[in-house]
Amino acid sequence: MDILNILTEGTAAAVRNLYGEEVAADKITLTPTRREFEGDYTVVTFPFTKIAKKKPDAIAEELGQYLLQNVEEVAAFNVIKGFLNLSISAEFWKNFLAETADDKQYGQLPANGQKVLVEYCSPNTNKPLHLGHIRNILLGWSVSKIYEAVGYEVVKVQIVNDRGIAICKSMLAWQKYGEGETPASTGIKPDHFVGKWYVAFEQKFKQEYADWQQSEAGQKLLAEKKNEKQPEDAFWKKYKNTYFNEHSTLGNEARDMLLKWEAKDEAVRNLWMLMNSWVYAGFEKTFEALGVSFDKLYYESDTYILGKDIIEQGQKDGIFFQKDDGSVWIDLTDKKLDEKLVLRSDGTSVYMTQDLGTAQVRNADFAPDKMIYVVGNEQDYHFKVLFEILKELKEPYADGLHHLSYGMVNLPDGKMKSREGTVVDADDLIAEVVQEAHTQGMERGEFQELTPEAQNDIAEFVGKAALKFFILRVKAEKSMVFDPKESVDMQGQTGPYVQNAYVRIQSVLRKNAGDLTAQAADYTEMSAVETSLIQQIYGYPATLQTAADNYDPAFIADYCYNLAKSYHRFYTDHSILKAESEAAKAFRLQLSKATANVLEKGMLLLGIGMPERM
RNA sequence: GGCUCUGUAGCUCAACUGGAUAGAGCACCGCACUACGGAUGCGGAGGUUUCAGGUUCGAAUCCUGACAGGGUCACCA
């Protein structure tokens, strides 16, 4: 049984026997003992003062005595200011280590028969992926891995926003100005190629708009509509959308293309398929570089019509209501969520309609027990409403929905803005960290001696570790500052630091051929650093569970860093291969193996692989 | 403005979900091991946890209010 349970139950029994009252397990606070005090776990005795009618110190003393006598694993205790510090017997830790060291399944919970569907990434197809997508992708992938580790079957899906005005802009610009260029003819990565034409459209449009502002029609409008104290450029900025929709030639052409697309015009559809195929080929490369994959892709071009039947049924059931202009709404004001449109007056769908339909399709496809949507926090409101509607509709899966909301990624000098060209491109970033890892590797003797192929492999491992760890160590809910300079750091609280602990262990293990496991039991002089390492390894399953419960890989990243840190400390404090006794050597090899095993497992949950050398 | 999230060392982040003297990394200063891999270890300096009240044995954590910042309030997605 878990030591925390043993101690909790022991404490409950102690209170029952000493003071004659039952205490619920969740009323007993049990925490790891702070490093500056003697002991492994600490019981906080303040909550018992009312029951016992004694001072905390006296209670702690009595509980300590009881636990020492009645709980086998408790080897000693001390009391400081009402805190009862318990020391667990060395035998307990050694037994645990012996069982764990070679257990490759440690930390993998048995299948629980439940299925979870994780949606992540969900890009638009008009331009390449950027830093924001990277955070999304890493979170989605990692949460998938974490759920697999706690026993779920996981289905990873993506909804591709492959239609709409944005892709039409890329299509139109390429058609008008592309002169037959292709990714192949230019050598540009295909998704970047499509993005290039999206940017081209925006530039042409901007020029057109600027020209129009100076034209007679523009000046006339300005004179009519601009209010007194508004500066001219502010007016034009605000008017931009209206201009696009009502006056712009390019805007007209793009909208015309969208209409043709909707009418299934063959030429437009062919162009659309061609450009999207380029984008997908490009995305695939980026996914590959990040080491992620999907089990099923949903396309918005298939799903955008979905959901209407749900609205219809819901209208009959009185969940939705129709306004005079024919639009359909849901009233969620009692939930403090306002009224929300679910069908336009012309009967077409909106985003919400699609999401209702998509949820239903996914349920039909996979019948998951949970669905996790990895989407940025700018859509918090949308998902609150979506989940609420599904509840009102009494969908059977409505209780298993979760929005993994994550914060924006900002740069040191502020937000990423596509208009100002400050967006950090995903491919560039990955290439940069790998290059930096290579450069730093070349400063080391061991690295220089490897073949170029091996060097490249290691640079991939190390560079990507730096990038992924840098992003995943921040709690998902918080917005984060991404400093490109810091992201390629490989010292301190970083992915490569953790890898280095693993590599050191592999190096030691390579030099030790024999199996000495049997002798480890004879080691009796466990140091504080050694005990602490075992305890941390012991805490891995609990951390894993916390990460799953909170939908947050940051717990795993933090754990791996701390474990690596403890190992580095242990490594400099103790000799392993030249240990003072055979028993010590055997024990430390065992401890090293167990550490490496857990580090590898944990980092894999973050999508970070471990090299043998670096 | 309504709703919502956030505010911790110069900077980037923690704090086991209410527990002991708020911890790490970076940057800065000073050390260590002729090394089982130095992408390491140890030490120093750095804090009124934005502010003001409250709740209680105990608050960075919960409540109220202010201040500052982000997000969102489309018949866009």
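On a predicted model such as this, the values are computed, not experimentally measured, just so you know. Numbered from 1 within each chain, the chains take letters A, B, ... in sequence-line order. Note: hydrogens, waters and symmetry copies are ignored here, and every other heavy atom, side chains too, is used.
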Summary of protein contacts for nucleotides 9-18 of chain B, nucleotide by nucleotide, where a base hit scores B, a sugar-phosphate-only hit scores S (4.0 Å, heavy atoms) | ---BSSSBB-
Going by a 90° cut-off around 0, is U17(B) syn or anti?
->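 Syn, since the glycosidic angle lies within 90° of 0.
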To the nearest Å, give me how far apart [atom1] ([X]) and [atom2] ([N]) are.
{"X": "Tyr571(A)", "N": "C42(B)", "atom1": "OH", "atom2": "P", "value": "15 Å"}
{"X": "Arg135(A)", "N": "G70(B)", "atom1": "CZ", "atom2": "P", "value": "17 Å"}
{"X": "Glu612(A)", "N": "G37(B)", "atom1": "CD", "atom2": "P", "value": "14 Å"}
{"X": "Phe46(A)", "N": "C57(B)", "atom1": "CZ", "atom2": "P", "value": "11 Å"}
{"X": "Tyr561(A)", "N": "A24(B)", "atom1": "OH", "atom2": "C1'", "value": "5 Å"}
{"X": "Lys384(A)", "N": "G71(B)", "atom1": "NZ", "atom2": "C1'", "value": "11 Å"}
{"X": "His568(A)", "N": "G25(B)", "atom1": "NE2", "atom2": "C1'", "value": "13 Å"}
{"X": "Asp338(A)", "N": "U4(B)", "atom1": "CG", "atom2": "C1'", "value": "13 Å"}

Taking the [atom1] atom in each of [N] and [M], what is the distance between them to the nearest angstrom?
{"N": "C11(B)", "M": "U4(B)", "atom1": "C1'", "value": "28 Å"}
{"N": "A45(B)", "M": "G23(B)", "atom1": "P", "value": "13 Å"}
{"N": "G1(B)", "M": "G65(B)", "atom1": "P", "value": "15 Å"}
{"N": "G7(B)", "M": "G18(B)", "atom1": "P", "value": "15 Å"}
{"N": "G53(B)", "M": "G46(B)", "atom1": "P", "value": "27 Å"}
{"N": "G25(B)", "M": "A14(B)", "atom1": "P", "value": "16 Å"}
{"N": "G47(B)", "M": "C13(B)", "atom1": "C1'", "value": "15 Å"}
{"N": "A22(B)", "M": "U50(B)", "atom1": "P", "value": "15 Å"}

Is the closest basic N to carboxylate O distance between Glu61(A) and Lys55(A) below 4.0 Å?
->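 No.
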Lys/Arg-Asp/Glu bridge criterion (N-O < 4.0 Å) met for Asp380(A), Lys384(A) =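 Salt bridge flag = no for Lys384(A) with Asp380(A).
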Check every strand shown and say whether [X] touches a base, only sugar-phosphate, or nothing at a heavy-atom separation below 4.0 Å.
{"X": "Asp380(A)", "answer": "nothing"}
{"X": "Arg35(A)", "answer": "sugar-phosphate"}
{"X": "Thr543(A)", "answer": "nothing"}
{"X": "Val350(A)", "answer": "sugar-phosphate"}
{"X": "Tyr497(A)", "answer": "sugar-phosphate"}
{"X": "Gln379(A)", "answer": "base"}
{"X": "Pro47(A)", "answer": "base"}
{"X": "Glu446(A)", "answer": "base"}

Can you name the salt bridge (charged side-chain N to carboxylate O under 4.0 Å, His left out) partners of Lys54(A), sequence neighbours left out?
->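 With neighbours one apart ignored, the set is Glu62(A).
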Does the ring of [X] meet both stacking tests against the six-membered base ring of [N]: centre distance under 5.5 Å and plane angle under 30°?
{"X": "Tyr381(A)", "N": "C73(B)", "result": "no"}
{"X": "Phe37(A)", "N": "A20(B)", "result": "yes"}
{"X": "Phe83(A)", "N": "A20(B)", "result": "yes"}

Does the side chain of Glu262(A) come under 3.5 Å of the side chain of Tyr304(A) through a donor N or O and an acceptor N or O?
->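 Side-chain D/A pair, Glu262(A) to Tyr304(A): absent.
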Ignoring the backbone of [X], work out which of [options] is nearest its side chain.
{"X": "Asn85(A)", "options": "G37(B), G41(B), A20(B)", "result": "A20(B)"}
{"X": "Thr572(A)", "options": "C36(B), G41(B), G19(B)", "result": "G41(B)"}
{"X": "Ile80(A)", "options": "A20(B), G37(B), G41(B)", "result": "A20(B)"}

Return no unless some side-chain N or O of Arg569(A) is found under 4.0 Å from OP1 or OP2 of C42(B).
->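 Checking Arg569(A) against C42(B): at least one side-chain N or O falls below 4.0 Å of OP1 or OP2.
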Pairing stems for RNA chain B [at least three consecutive pairs; Watson-Crick or G-U; under 3.5 angstrom] |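 In RNA chain B, stems of three or more pairs: B:1-7 with B:67-73, B:10-13 with B:23-26, B:28-32 with B:40-44, B:50-54 with B:62-66.
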Residue pair His438(A), Phe447(A): steps toward the ring-ring contact (aromatic ring centres under 6.0 Å, His included) verdict = CA-CA 9 Å; His438(A) 197 277; Phe447(A) 190 87; 5.7 Å; yes
Under the 3.5 angstrom rule, does the side chain of [X] hit a backbone N or O of [Y] as a donor-acceptor pair?
{"X": "Asn562(A)", "Y": "Asp558(A)", "value": "yes"}
{"X": "His574(A)", "Y": "Tyr571(A)", "value": "no"}
{"X": "Gln499(A)", "Y": "Gly609(A)", "value": "yes"}
{"X": "Thr422(A)", "Y": "Lys417(A)", "value": "yes"}

How would you list all residue pairs meeting side chain to side chain donor-acceptor pair (under 3.5 Å) that involve residues 540-549 of chain A, not counting sequence neighbours?
->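 Side chain to side chain donor-acceptor pair (under 3.5 Å) check on residues 540-549 of chain A returns Gln545(A)-Asp549(A).
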Pairs touching residues 461-483 of chain A that satisfy side chain to side chain donor-acceptor pair (under 3.5 Å), sequence neighbours left out =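 Passing the test, one end in residues 461-483 of chain A: Glu460(A)-Lys464(A).
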If each of Gly441(A) and Leu84(A) is mapped to the nucleotide of RNA chain B with the nearest heavy atom, which maps nearer the 5' terminus, i.e. the 5' end?
->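 Nearer the 5' end of the strand: Leu84(A).
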When you match Glu36(A) and Ser349(A) each to their closest nucleotide on RNA chain B, which lands nearer the 5' end?
->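 Closest to the 5' end, via its nearest nucleotide, is Glu36(A).
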Name all pairs fulfilling the ring-ring contact (aromatic ring centres under 6.0 Å, His included) condition that reach into residues 459-489 of chain A, sequence neighbours left out, sorted by first residue then second.
->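 Qualifying pairs, neighbours excluded: Phe470(A)-Phe482(A).
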